[in-house]
Amino acid sequence: MLTAADVRATLPHRYPMLLVDRVLDTGDDRIRALKAVTLNEPWYARLGPSPAGDELAYPDFLLIESWTQTAGILATRLAGDAADGQVMLFGSMSGIEFHRRVFPGDTVEHHARLERAVNDTMIFAGESTVGGEPLLTVGQITMAFRPGEALAPPAT
């Protein structure tokens, strides 16, 4: 299990974009993590005092980001020392299906597994659930590690 502090130490993301709260378990090629959705998140601030029901639905793109951060924790663990000095990049996604909406008070459980690794590029698949019910299916997401200095803008 990784605590919130461990997650923070693993990912470069910070408030408000750190979207994984805790890792429940990891295996050789899989991970299971939690994201608790709360009404106190910044994307709800614009809604005013009496939002309609669907206005409180958690944004779909943030669910994908949270799932991808979960896969990123696994990718970093699998890469080990080879990830030092590297920047993790999101490459592509396909086969994304949403099965229901998520609302404040829901706890999302992300499941990600490594499907294939070629050098510094990894392909992940998986799903997310709320209370054991399907929420999100991820057919494929590609992530890669690249040297940080290679991504820096040229000196002027």
_Side-chain touch Tyr15/Pro42, heavy atoms, less than 4.5 angstrom_ = yes
*Between Glu65, His110, His13, which is the residue that forms a side chain to side chain contact (heavy atoms under 4.5 Å, CB included) with Leu19?*
Glu65
*Which heavy atom in Tyr58 sits nearest to a heavy atom in Val37, and how many Å separate them?*
CD1-CG1, 3.5 Å
*Just wondering, do Leu78 and Leu114 contact through their side chains at under 4.5 Å, heavy atoms?*
yes
*After noting the C-alpha distance and the side-chain angles of Glu115 and Phe124, does the key distance pass the side chain to side chain contact (heavy atoms under 4.5 Å, CB included) rule?*
CA-CA 5 Å; Glu115 294 289 308; Phe124 296 93; 5.9 Å; no
*Say whether Thr137 and His99, considering side chains only, have a donor N or O and an acceptor N or O under 3.5 Å apart.*
yes
*Can you establish whether the number of heavy atoms outside Asp84 located under 6.0 Å from its atom CG is more than 12?*
yes
*Note: Arg32-Glu109 ion pair, threshold 4.0 Å (strictly below)*: yes
*Does Trp43 belong to the same Ile/Leu/Val/Met/Phe/Trp/Tyr cluster as Leu56, with side-chain heavy atoms less than 4.5 Å apart forming each link?*
yes
*Would you find more than 12 non-hydrogen atoms of other residues, nucleotides or ligands less than 6.0 Å from Arg22 atom CZ?*
no
*Arg116 atom CZ: more than 12 heavy-atom contacts under 6.0 Å*: no
_I'd like to check Ile31 versus Val23 (side-chain heavy atoms, cut-off strictly below 4.5 Å). Are they in contact?_
yes
*Decide, yes or no, whether a salt bridge links Lys35 with Asp106 under the criterion of side-chain N to carboxylate O below 4.0 Å.*
no
*Evaluate the side chain to side chain contact (heavy atoms under 4.5 Å, CB included) criterion for residues Leu62 and Met17: first the C-alpha distance (whole Å), next the side-chain angles of each, then the deciding distance (0.1 Å), finally the verdict.*
CA-CA 9 Å; Leu62 291 175; Met17 288 306 296; 3.9 Å; yes
*asked:* For the backbone of Val130 and the side chain of Glu133, can you confirm whether one donor and one acceptor N or O come within less than 3.5 Å of each other?
replied: no
*Between Ala71 and Met143, which heavy-atom pair has the shortest distance, and what is it?*
CB-SD, 4.0 Å
*asked:* Hydrophobic clustering (ILVMFWY, side-chain heavy atoms < 4.5 Å, transitive) - are Leu11 and Leu89 grouped together?
replied: no
*Please test Asp25 against Met1 for side chain to side chain contact (heavy atoms under 4.5 Å, CB included), starting from the C-alpha separation and ending with a verdict.*
CA-CA 5 Å; Asp25 63 79; Met1 182 172 100; over 6 Å; no
*Can we say Asp120 and Arg146 salt-bridge, meaning some charged N sits less than 4.0 Å from an Asp/Glu carboxylate O?*
yes
*Under 4.5 Å between any side-chain heavy atoms of Glu127 and Trp67, yes or no?*
no
